[in-house]
K.L.:
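Input: one structure, supplied below.
All values below come from the heavy atoms of this structure, side chains included, with hydrogens, waters and symmetry mates left out. On a predicted model such as this, the values are computed, not experimentally measured, just so you know. Chain letters run A, B, ... following the sequence lines, proteins first and then strands; every chain starts at 1.
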Amino acid sequence: MPELPEVETTRRGIAPHIAKQHVAKVDIRQAQLRWPIEPTLPRLLKNQAILNLERRGKYLIFQFPNGHLLWHLGMSGSLRVLLQSQAPGKHDHVDLVLSNGKILRFNDPRRFGAVVWTDEDVLQHKLLAHLGPEPLTEAFNAEYLFGKTRKRQMAIKPWIMDSKIVVGVGNIYANEALFNAGIHPLKATYKLTRKQCERLVEEIKTVLANAIQRGGTTLRDFVGGDGKPGYFAQELNVYGRGGQPCKRCNKLLLEKPLGQRATVYCTVCQK
DNA sequence: CAGCGCCCCTGCCCGC
DNA sequence: TGCGGGCAGGGGCGCT
């Protein structure tokens with residue numbers, strides 16, 4: 001589920017509620033996520049002030065005086081603010097109870113999410129150290145992408161989803177950005193022209209920014225920090241539309257797996 | 001070392 | 001209605 005826009009929507013939804021708060025209590029009902037949650041986490045966080053909430057790629061980073069908490073939503077996770085106590089549901093695995101009485105509640109049916117504590121330099125943490133540039137910053141530009149594409153012969157679609165190249169572009173937005181840029185998802189990376197790299201960078205930025213503005217894409221589980229779904233799904237051009245007509249040329253869109261992930265494209269509009 | 005599969009796990013949808 | 005198979009928004013890891 002959550003790609004960069006959904007994680008950013010979550011961050012923005014939560015941030016106002018946790019400002020100047022500290023952690024009163026941590027309730028872990030299910031520690032077996034992608035990795036087991038550090039058993040000492042409740043003790044480590046108790047009475048610690050939440051200094052900041054940032055995002056790197058699809059990782060949320062909670063800053064505390066004594067370290068950082070990396071929080072990844074996986075495929076099906078959501079993190080939301082409850083204004084008051086509420087009985088936990090089946091997949092509500094973790095609560096951070098705040099000093100203002102509000103609760104940060106993590107729900108994750110598939111448990112691909114992760115809650116990882118570190119007291120080292122957070123950006124040097126092994127989960128973050130090798131991440132590529134943020135797509136919505138100037139560091140991600142046509143020059144950068146063009147340079148990286150040379151000599152890489154794999155298909156552009158799985159390549160652009162590699163977080164070492166650029167973070168935050170998951171399956172939905174990779175499909176969308178390639179369609180919007182008119183680039184065939186199977187095209188060999190090194191065959192992209194400079195012009196196509198410009199278009200791709202531009203379309204990645206545009207689709208991600210638009211999705212953030214709509215509160216993300218909700219297909220099933222996703223809710224933002226305020227508990228509301230995102231509204232970008234209705235604006236998707238290709239994702240989930242295999243077999244339906246291309247919105248641009250009306251030809252039926254093709255859908256086939258590529259590297260274990262559904263890939264949807266138009267053979268007329270994408271070259 | 002680039003690049004490819006394999007998983008982790010639950011829920012849902014489809015077809016029989 | 002029940003059940004098995006396939007599929008799902010991520011991504012680290014272990015192989016080649």
Side-chain angles (χ1 to χ4, degrees), chain A residues 1-10 29-37 55-60 70-79 89-94 106-116 118 125-132 135 147-178 185-186 188-190 204 207-208 211-212 214-224 229-243 255-264:
Chain A
M1 64 116 255
E3 300 188 32
L4 186 144
E6 293 73 42
V7 179
E8 180 60 19
T9 296
T10 297
R29 285 174 290 269
Q30 169 60 276
Q32 302 306 310
L33 303 180
R34 186 176 222 290
W35 301 285
I37 298 177
R55 179 188 58 73
R56 180 74 177 95
K58 296 173 191 167
Y59 288 90
L60 290 167
L70 301 180
W71 207 315
H72 196 292
L73 304 181
M75 287 274 265
S76 59
S78 60
L79 193 55
K90 188 172 181 189
H91 300 296
D92 291 334
H93 305 312
V94 182
F106 180 58
N107 178 282
D108 185 10
R110 291 177 72 182
R111 290 194 269 134
F112 288 179
V115 182
V116 177
T118 176
H125 190 278
K126 70 168 181 174
L127 294 174
L128 304 184
H130 303 293
L131 295 179
K148 283 269 178 193
T149 54
R150 301 305 92 183
K151 297 179 181 173
R152 293 279 78 82
Q153 57 178 11
M154 68 187 284
I156 183 64
K157 194 212 167 208
W159 186 79
I160 201 65
M161 292 172 66
D162 182 345
S163 63
K164 292 197 293 298
I165 306 305
V166 59
V167 297
V169 183
N171 198 35
I172 295 179
Y173 300 114
N175 278 300
E176 293 300 308
L178 286 168
L186 289 164
T189 301
Y190 74 94
I204 286 172
V207 76
L208 293 178
I212 290 171
R214 294 278 179 280
T217 299
T218 295
L219 298 178
R220 176 168 298 136
D221 308 302
F222 178 74
V223 290
Y231 297 98
F232 193 68
Q234 57 216 67
E235 297 183 30
L236 297 174
N237 287 323
V238 288
Y239 184 84
R241 297 195 62 247
E255 173 158 356
K256 56 171 72 169
L258 175 53
Q260 331 290 95
R261 286 203 150 87
T263 303
V264 189

K.L.:
I need the CE-C1' distance between Met161(A) and dC4(B), as an integer number of Å.
P.N.:
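Distance, rounded to whole Å: 14 Å.
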
K.L.:
So what does Leu33(A) hit on the nucleic acid, given a heavy-atom distance under 4.0 Å: a base, only sugar-phosphate, or nothing?
P.N.:
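Nothing, no heavy atom under 4.0 Å.
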
K.L.:
Would you call the rings of Phe106(A) and Trp71(A) parallel, tilted or perpendicular, where under 30° means parallel and over 60° means perpendicular?
P.N.:
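Plane angle over 60°, so perpendicular.
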
K.L.:
Is Tyr173(A) touching bases, backbone alone, or none of the nucleic acid, heavy atoms closer than 4.0 Å?
P.N.:
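The answer is nothing, as Tyr173(A) stays clear of every strand by at least 4.0 Å.
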
K.L.:
How would DNA chain C look in dot-bracket form, 5' to 3', counting Watson-Crick and G-U wobble pairs with both distances under 3.5 Å and writing | for bases paired to another strand?
P.N.:
.|||||||.|||||||

K.L.:
Extract from the structure each pairing of a protein N or O with an N or O of nucleotides 8-10 of chain B at less than 3.5 Å, listing the distance.
P.N.:
residue: dC9(B); atom: O4'; partner: Arg110(A); partner atom: O; Å: 3.4
residue: dC9(B); atom: O3'; partner: Arg111(A); partner atom: NH2; Å: 2.8
residue: dC9(B); atom: O2; partner: Arg110(A); partner atom: NE; Å: 3.0
residue: dT10(B); atom: OP1; partner: Arg111(A); partner atom: NH2; Å: 2.6
residue: dT10(B); atom: O4'; partner: Pro109(A); partner atom: O; Å: 3.2
residue: dT10(B); atom: O3'; partner: His91(A); partner atom: NE2; Å: 3.3

K.L.:
In whole angstrom, give the distance that lies between atom NE2 of His72(A) and atom P of dG11(C).
P.N.:
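Nearest whole value for this atom pair: 3 Å.
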
K.L.:
For the pair Arg241(A) (side chain) and Leu236(A) (backbone), establish whether a donor and an acceptor sit closer than 3.5 Å, ignoring hydrogens and angles.
P.N.:
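Pair absent, no side-chain N/O of Arg241(A) close to backbone of Leu236(A).
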
K.L.:
Of the listed nucleotides (dC6(B), dC13(C), dG9(C)), which one gets closest to any side-chain atom of Lys126(A)?
P.N.:
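Selected nucleotide: dC13(C).
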
K.L.:
Of Trp35(A) and Asn171(A), whose nearest nucleotide on DNA chain C comes first from the 5' end?
P.N.:
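With Trp35(A) and Asn171(A) compared, the 5'-side residue is Asn171(A).
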
K.L.:
Between dC7(C) atom P and Leu258(A) atom CG, what is the distance in whole Å?
P.N.:
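After rounding, the reported distance stands at 14 Å.
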
K.L.:
What is the distance, to the nearest angstrom, from the CG atom on Leu79(A) to the P atom on dG9(C)?
P.N.:
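Rounding to the nearest Å, CG of Leu79(A) and P of dG9(C) are 22 Å apart.
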
K.L.:
Which atom pairs, donor and acceptor, lie under 3.5 Å between side-chain atoms of residues 154-164 of chain A and protein residues at least two apart or in another chain?
P.N.:
residue: Lys157(A); atom: NZ; partner: Asn171(A); partner atom: OD1; Å: 2.6
residue: Lys157(A); atom: NZ; partner: Ala262(A); partner atom: O; Å: 3.2
residue: Lys157(A); atom: NZ; partner: Thr263(A); partner atom: OG1; Å: 3.0
residue: Asp162(A); atom: OD1; partner: Lys164(A); partner atom: N; Å: 2.9

K.L.:
Just the rounded figure in Å: distance from C1' of dG9(C) to CD of Glu8(A).
P.N.:
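In whole Å, dG9(C) C1' lies 17 Å from Glu8(A) CD.
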
K.L.:
If you check every side-chain atom of Lys58(A), which of dG9(C), dG11(C), dG5(B) has the closest atom?
P.N.:
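Nearest listed nucleotide: dG11(C).
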
K.L.:
For Phe232(A), report the nucleic acid contact type (base, sugar-phosphate, nothing); a contact means any heavy atom under 4.0 Å.
P.N.:
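No contact.
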
